[in-house]
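Bear in mind that the values here come from a model prediction, so they are computed numbers and not experimental data.
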Amino acid sequence: MIELLGTKMIFERTIKMKYIYNDEHVVSYSDMDCNLKFSAISALTIVQDMMTSYYKHIGSDNLTIREKNNALWVLTRTKLKFYKELSWKDKISGTTYTTKVKPIRMEMETNFVDENDEMVFLASQELCPIDMSTRRTKKINDVEFPNDMECIEAEYEGESLNLHVNFDESNKVYEHKVMFADLDLSGHTNNVSYVKYLFN
């Protein structure tokens, strides 16, 4: 049984779900920005680490589906919601779980609470598997993925906003050449790299 209480998620100890991943993190100096504030870049990095560990936990990580299904998971959407600020050396606990599975995409959340069980920040993400050869979307049934996946009601409520702006040369701010360290296993520029570009 899972009960959602505002910004708190309480798991009844008597029932253990298979497809939940938990981990802890101590906010390090490198997680802070130049004003010693917890960085959104670090938040997304921690979420990405949790997400990839979750996929390893359920047996559907990119190394596995690349070898068995010639496929990779790619992120199509990420939303972050912050509830309170974090300080250097704060301890947070994270939980990752699936909220919805559709034929070609799945939705998941990762939430982090502090030592008082108060929500600190929450990430809502959408992913789909793509074929490595064609770069086309694959059905989730065609890749290694639990057929008994448990879904938890989403905590995040809010629509994604699409930016409808036409940019031209007058909007140009700076140039960045995509380098080797910007790439990830899929051969794409990593999502955290994109966030770094935006902050710059």
Do Phe199 and Val192 belong together in a cluster built from hydrophobic side chains that touch within less than 4.5 Å?
yes
Identify whether Tyr29 and Phe38 are in the same connected component of the hydrophobic contact network (ILVMFWY, side-chain heavy atoms under 4.5 Å).
yes
Looking only at the side chains, is there a donor atom on one of His25 and Asp49 sitting less than 3.5 Å from an acceptor on the other?
no
Do the side-chain N and O atoms of Trp73 and Ser60 include a donor-acceptor pair separated by under 3.5 angstrom?
yes
For residues Cys151 and Val101, determine if any side-chain heavy atom of one lies less than 4.5 Å from a side-chain heavy atom of the other.
yes
How many angstroms lie between OG in Ser39 and CG in Leu44, if you round to the nearest 0.5 Å?
9.5 Å
Are Glu153 and Thr99 packed together at the side-chain level, in the sense that at least one heavy-atom pair is separated by less than 4.5 angstrom?
no
Any side-chain to backbone donor/acceptor pair from Glu150 onto Lys18? Under 3.5 Å, distance only.
yes
Is Met32 close to Leu86 at the side-chain level, that is, under 4.5 Å between some pair of heavy atoms?
no
Test item: Ile20 and Ile152 side chains (from C-beta on) under 4.5 Å apart, heavy atoms:
yes
Starting from Ile58, can I reach Leu185 by hopping between I/L/V/M/F/W/Y residues whose side chains sit under 4.5 Å apart?
no
Do you see a donor-acceptor pair shorter than 3.5 Å between the side chains of Tyr55 and Thr64?
no
How long is the gap from CG on Leu80 to CD on Gln125, to the nearest 0.5 Å?
7.5 Å
In terms of heavy-atom contacts, does NZ of Lys79 have more than 12 from other residues, nucleotides or ligands at under 6.0 Å?
yes
Residues sharing Tyr194's hydrophobic cluster, by side-chain heavy-atom contacts under 4.5 Å among ILVMFWY, directly or via others?
Val173, Tyr174, Val178, Leu183, Tyr197
Tell me the ring pair (Phe, Tyr, Trp, His ring centres under 6.0 Å) pairs involving residues 150-172, sequence neighbours left out?
none
Do Met50 and Asp23 have side-chain heavy atoms sitting under 4.5 Å apart?
yes
Could you tell me whether the side chain of Met108 reaches within less than 4.5 Å of the side chain of Leu127, counting heavy atoms only?
yes
Any side-chain to backbone donor/acceptor pair from Ser124 onto Glu109? Under 3.5 Å, distance only.
no
Closest heavy-atom contact between Ser30 and Ser42?
O-OG, 3.7 Å
Heavy atoms, side chains only, cut-off 4.5 Å: are Asp142 and Asn69 in contact?
no
Under 4.0 Å between a side-chain nitrogen and a carboxylate oxygen: does that hold for Arg66 and Asp61?
no
Rounded to the nearest 0.5 Å, what's the gap from CG on Leu72 to CD1 on Ile130? Could you check?
6.0 Å
Can you hop from Tyr21 to Phe145 via hydrophobic side chains spaced under 4.5 Å?
yes
Find out if a path of hydrophobic residues (ILVMFWY) with successive side-chain heavy-atom gaps under 4.5 Å connects Met119 to Phe112.
no
Using distance alone, with no hydrogens and no angle criterion, decide if Asn22 and Thr95 have a side-chain donor and acceptor under 3.5 Å apart.
yes
Can Tyr54 and Thr98 be said to form a side-chain hydrogen bond (donor to acceptor under 3.5 Å, both in side chains), step by step?
CA-CA 10 Å; Tyr54 172 76; Thr98 296; 2.6 Å; yes
Crowding at NZ, Lys84 (>12 non-hydrogen neighbours, <6.0 Å):
yes
Decide yes or no for Ile140 and Met106: does some side-chain heavy atom of the first lie under 4.5 Å from some side-chain heavy atom of the second?
yes
Check: Ser28/Asp31 side-chain N/O donor and acceptor closer than 3.5 Å
yes
Working to the nearest 0.5 angstrom, can you tell me the gap between Leu63 CG and Lys68 NZ?
12.0 Å
Side-chain ion pair, Lys91 and Glu24, N-O less than 4.0 Å
no
Salt-bridge contact Arg105-Glu107 (side-chain N to carboxylate O under 4.0 Å)
yes
Keeping Ser193 on the side-chain end and Thr189 on the backbone end, is there a donor-acceptor pair under 3.5 Å?
no
Does the Asp33 side chain pair with the main chain of Asn35, one donor and one acceptor, at a distance under 3.5 Å?
yes
Should Asn190 and Gln48 be marked as a side chain to side chain contact (heavy atoms under 4.5 Å, CB included) after you check the CA-CA gap, both sets of side-chain angles, and the distance that decides it?
CA-CA 10 Å; Asn190 189 271; Gln48 182 169 267; 3.1 Å; yes
CG of Asp168: more than 12 outside heavy atoms within 6.0 angstrom?
yes
Could you check whether Asn70 and Ser133, counting side-chain N and O atoms only, form a donor-acceptor pair closer than 3.5 Å?
yes
For Lys89, which residues count as a side chain to side chain donor-acceptor pair (under 3.5 Å) partner, sequence neighbours excluded?
none
Positive for side-chain contact (heavy atoms from CB on, under 4.5 Å) with Asn111, one of Phe121, Tyr97, Tyr83:
Tyr97
Could you grab the distance from atom CD1 of Ile65 to atom CG of Asn62, nearest 0.5 Å is fine?
5.0 Å
Checking side chain to side chain contact (heavy atoms under 4.5 Å, CB included) for the pair Thr96/His57: CA distance, chi angles, key distance, verdict?
CA-CA 11 Å; Thr96 301; His57 172 67; over 6 Å; no
Electrostatic pair Arg136:Asp131 at N-O distance under 4.0 angstrom
no
